[in-house]
Amino acid sequence: AQKVTQAQTEISVVEKEDVTLDCVYETRDTTYYLFWYKQPPSGELVFLIRRNSFDEQNEISGRYSWNFQKSTSSFNFTITASQVVDSAVYFCALSEWGSSNTGKLIFGQGTTLQVKP
Amino acid sequence: NAGVTQTPKFQVLKTGQSMTLQCAQDMNHNSMYWYRQDPGMGLRLIYYSASEGTTDKGEVPNGYNVSRLNKREFSLRLESAAPSQTSVYFCASRRGAESNQPQHFGDGTRLSIL
């Protein structure tokens, strides 16, 4: 069965520290997609990144980077030099490319990141 | 540039009352989804509509019904609200059912059932 686990419920750091949010997934499919979403205190969900199962290249976007390791079924998210504006709940999600191909997302429980000034 | 619009943003109901949550998207997307968000559980799929004219159950459909009114609109109905349905409800859409496309979310509806 599909499952996404974000074991870190809450993380608190001081501004300018680096922080890594963990995401571990389970799937029987060989083709799948992984996503990260950010939910700031205002409540909306903001798409951050998409990664397919055939592309294990790490990605960097400004202070954000993502490390995809198929061997350990992990898709971790690192924020470098964190800022107060990074305070949010972060969700990792999985979408399988199955015969039904409905595009459903399976979400992890979310990690609440608090960045203190 | 509205994207996905949900109404209302907040609602308080009494147990047993009925209500319809509205969702509309202006991105010409084919697929639409309803999720609920509860503390410590992430978002869970209630119902989805892969394309206009079709709807299917998600992970937690009990107590809900949906209507894909047209390509733009996808409503969620609670026929007899229960306190367990107190949650934040999100509507989302994506261009197609292709799994590689990100879903775009509305701002959510905070629903309290007393």
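The shown structure was predicted, so the numbers you read here are calculated from the model rather than taken from an experiment. Throughout, a chain's letter reflects where its sequence line sits, starting with A, and its residues are numbered from 1. Atoms considered below: every heavy atom in the structure, side chains included; atoms not considered: hydrogens, waters and symmetry mates.
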Undergrad: Please determine whether residues B:Tyr48 and B:Trp34 belong to a single hydrophobic cluster, defined as Ile, Leu, Val, Met, Phe, Trp and Tyr linked transitively by side-chain heavy-atom distances below 4.5 Å.
TA: no

Undergrad: Side chain, backbone, both or neither: which part of A:Gln6 has a non-hydrogen atom closer than 4.5 Å to chain B?
TA: neither

Undergrad: Side-chain heavy atoms under 4.5 angstrom apart, residues restricted to Ile, Leu, Val, Met, Phe, Trp, Tyr: same cluster for B:Tyr35 and B:Ile46?
TA: no

Undergrad: State, with a plain yes or no, whether a side-chain heavy atom of B:Pro39 is found less than 4.5 Å away from one of A:Gln109.
TA: no

Undergrad: Side chain, backbone, both or neither: which part of B:Glu59 has an atom under 4.5 Å from a heavy atom of chain A?
TA: neither

Undergrad: Where do B:Gly42 and A:Phe91 come nearest, in terms of heavy atoms and distance?
TA: CA-CE2, 3.6 Å

Undergrad: Between CG of A:Leu105 and CZ of B:Arg44, what distance do you get to the nearest 0.5 Å?
TA: 15.5 Å

Undergrad: Walk me through it: do A:Lys104 and B:Ser31 pass the test side-chain contact (heavy atoms from CB on, under 4.5 Å)?
TA: CA-CA 10 Å; A:Lys104 295 182 289 185; B:Ser31 302; over 6 Å; no

Undergrad: Verify the neighbour count for atom NZ of A:Lys16: are there more than 12 heavy atoms of other residues, nucleotides or ligands below 6.0 Å?
TA: no

Undergrad: Should B:His104 and A:Phe47 be marked as a side-chain contact (heavy atoms from CB on, under 4.5 Å) after you check the CA-CA gap, both sets of side-chain angles, and the distance that decides it?
TA: CA-CA 7 Å; B:His104 298 264; A:Phe47 164 70; over 6 Å; no

Undergrad: According to a hydrophobic-cluster definition based on side-chain heavy atoms being under 4.5 Å apart (Ile, Leu, Val, Met, Phe, Trp, Tyr only), do A:Tyr33 and B:Tyr33 belong together?
TA: yes

Undergrad: Please flag which part of B:Leu43 lies under 4.5 Å from any non-hydrogen atom of chain A: side chain, backbone, both or neither.
TA: both

Undergrad: Between B:Phe105 and A:Tyr37, is the ring pair (Phe, Tyr, Trp, His ring centres under 6.0 Å) condition met? List the steps.
TA: CA-CA 10 Å; B:Phe105 286 82; A:Tyr37 283 86; 5.3 Å; yes

Undergrad: Same cluster or not: B:Leu76 versus B:Val88, using hydrophobic residues (I, L, V, M, F, W, Y) connected whenever any side-chain heavy atoms lie under 4.5 Å apart?
TA: no

Undergrad: Which heavy atom in A:Arg50 sits nearest to a heavy atom in B:Pro102, and how many Å separate them?
TA: NH1-CD, 3.3 Å

Undergrad: Atom CG of residue position B:Leu114 - does it have more than 12 heavy atoms of other residues, nucleotides or ligands inside 6.0 Å?
TA: yes

Undergrad: Flag yes if B:Leu45 and B:Tyr64 sit in one hydrophobic cluster, no otherwise; membership is Ile, Leu, Val, Met, Phe, Trp, Tyr, and two members link when side-chain heavy atoms are under 4.5 Å apart.
TA: no

